[in-house]
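Presented below is the structure to which this report refers.
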Protein chains: 2
Amino acid sequence: MAGRTRANPLALAVLCLLYERPMHPYEMSSTLRERHKEDSIKLNYGSLYSVVESLRKRGLITARETVREGRRPERTVYAITEAGSTEMTDWLSDLLSRPAKEFTQFEAALSLMPIFGPDEVINLLETRLRSLRQQQRAHDQSNAWAPPNFPRLFLIEMEFKYALLRTEIEFVSALLDELRSGTFEGIALWRRMHELREEGRTPEAVDEVLAEEFKEELSWLSELSDTQRPEQG
Amino acid sequence: MAGRTRANPLALAVLCLLYERPMHPYEMSSTLRERHKEDSIKLNYGSLYSVVESLRKRGLITARETVREGRRPERTVYAITEAGSTEMTDWLSDLLSRPAKEFTQFEAALSLMPIFGPDEVINLLETRLRSLRQQQRAHDQSNAWAPPNFPRLFLIEMEFKYALLRTEIEFVSALLDELRSGTFEGIALWRRMHELREEGRTPEAVDEVLAEEFKEELSWLSELSDTQRPEQG
DNA sequence: TACGTAGTACTCTGAGTCGAGTAATCGGCT
DNA sequence: AGCCGATTACTCGACTCAGAGTACTACGTA
């Protein structure tokens, strides 16, 4: 049923808020911000209003009343419906119980990394690592906003984010160590290829030179069908 | 300059492919698939063709020639431009060196988790954990497609994905242990709240009962301004 | 009292996304 | 010879999203 309509978790957040009590969209956005959900759920006004409208069209929420205070713009208060409650529990159950394929920008970047030579990559990753460590320090200090005794239940998503951050730091820093020390497998071939390219050789000429200089390292090429070989590396 | 146009990494992948050699869109998609980049870069036909068209409009790639074989549809071959090469290196440098805010579905789900009671959450997370372990086993065995000696450089993004997977498994499994053993901080309050709700009490009645039964645990409430209190937990 | 800034509450627009659909060819099988 | 399913190569349109813009109020301040 709900195929693509389950793309944006902001819609789920709206359902959860209205499950608590009726609200108008702007109140939803400020509530989400107050509860620090902005950090884990992407929120912006444009999306919020269209997501709300789309939920209404699907009958998952209804417009309760429109209030006007002074000459301010009208506020439309929405409430969740039966169908909305069902969708909410179904959707959240699904998200918690079934890992979804997620694509991060950094994964994409790593997979295209070979267009740079190893030395450029070292530089770029060093910059990244500094940023990540900065974020980590910021996190360590920023329990400031949460009062003592604040329930862990409401911070659990931050713990997860932090665990991912630590993993990324470890990954990048281990990779950097290998690149800098030259123990990264195949780094000699990789470096030589970029040297040759920078000398202005044609791709074919580069392949030829490498084929001679790195016979064993390139043995895997013959194992692949023609179309399968990654020429970019 | 390139503000929102840098949203979709597929566009960057297209630039990288055309940096190797001119291609038509369908060839791009099959090349990406052969190189297993589908796992780290979201790819679908609809997006591919519009991304290509948008790159062309921005002058980052140009249509080289349109070939027709038999009565098949035309294939338009594209090549990268100077501006395209520049954009490619700028963009990839940026992705590698600057961590971007990423929002995963699971983070969103965790942050909305309190709408369920602890026992439901345990069930859902157990299902997730089985799935994740399944994925992990699949990964362990699926170096099958890569021939011996295949350069690590071309698999580095998978290593990262795997590291994230391990972290998620550890996180979920640690969380489950705490929930099941009852050592999760505040779980008694959380469980009682859902009990009361299921008995059909009004939110206000629930709050009242809890305020009496869990005085110390709720001390943090008084530290927050009215608007800041998360009523949903 | 005029002014600048922060907050409230949306609205609009154009660009991007995605899944489904189409139409042709190829290879194998019966 | 004819058919089935896979592969090649795109096209379409409905929906979604992001960011900028609007318009008003409230508040401090010089």
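Chain A is the first sequence line, chain B the second, and so forth, proteins listed ahead of strands; every chain is numbered from 1. It should be emphasised that the depicted structure is a prediction, and the values quoted were computed from it without experimental measurement.
Salt bridge present: B:Lys37 and B:Glu157 bring a charged side-chain N and a carboxylate O closer than 4.0 Å. Ion pairing between a basic and an acidic side chain is recognised when a charged N comes within 4.0 Å of a carboxylate O; B:Arg128 and B:Glu168 show such pairing.
One N or O on the side chain of A:Thr31 and one on the backbone of A:Glu27 form a donor-acceptor pair closer than 3.5 Å.
For D:dC10, the OP1/OP2 oxygens have no side-chain nitrogen or oxygen of B:Tyr26 closer than 4.0 Å. Residue A:Ser50 places none of its side-chain N or O atoms closer than 4.0 Å to OP1 or OP2 of D:dC17.
Nucleotide D:dA18 holds its P atom 14 Å from the NZ atom of B:Lys101, rounded to whole Å. Distance CG (B:Leu43) to P (C:dG19): 11 Å, rounded to an integer number of Å. What separates CD1 of A:Ile41 from P of D:dA18 is a distance of 13 Å, to the nearest Å. Atom P of nucleotide C:dA9 and atom CG of A:Asn44 are separated by 18 Å, given to the nearest angstrom. Distance, A:Glu27 CD to C:dT8 C1': 12 Å, rounded to whole Å. Rounding to whole angstrom units, CD of residue A:Glu34 and C1' of C:dG7 are separated by 13 Å. Straight-line distance from the OH atom of A:Tyr45 to the P atom of C:dC12: 18 Å, rounded to whole Å. Protein atom CZ of A:Arg75 is 14 Å distant from nucleotide atom P of D:dT25, rounded to whole Å.
B:Lys42 comes within 4.0 angstrom of the backbone, heavy atoms only, and of no base. Counting non-hydrogen atoms under 4.0 angstrom, A:Ser30 reaches nothing in the nucleic acid.
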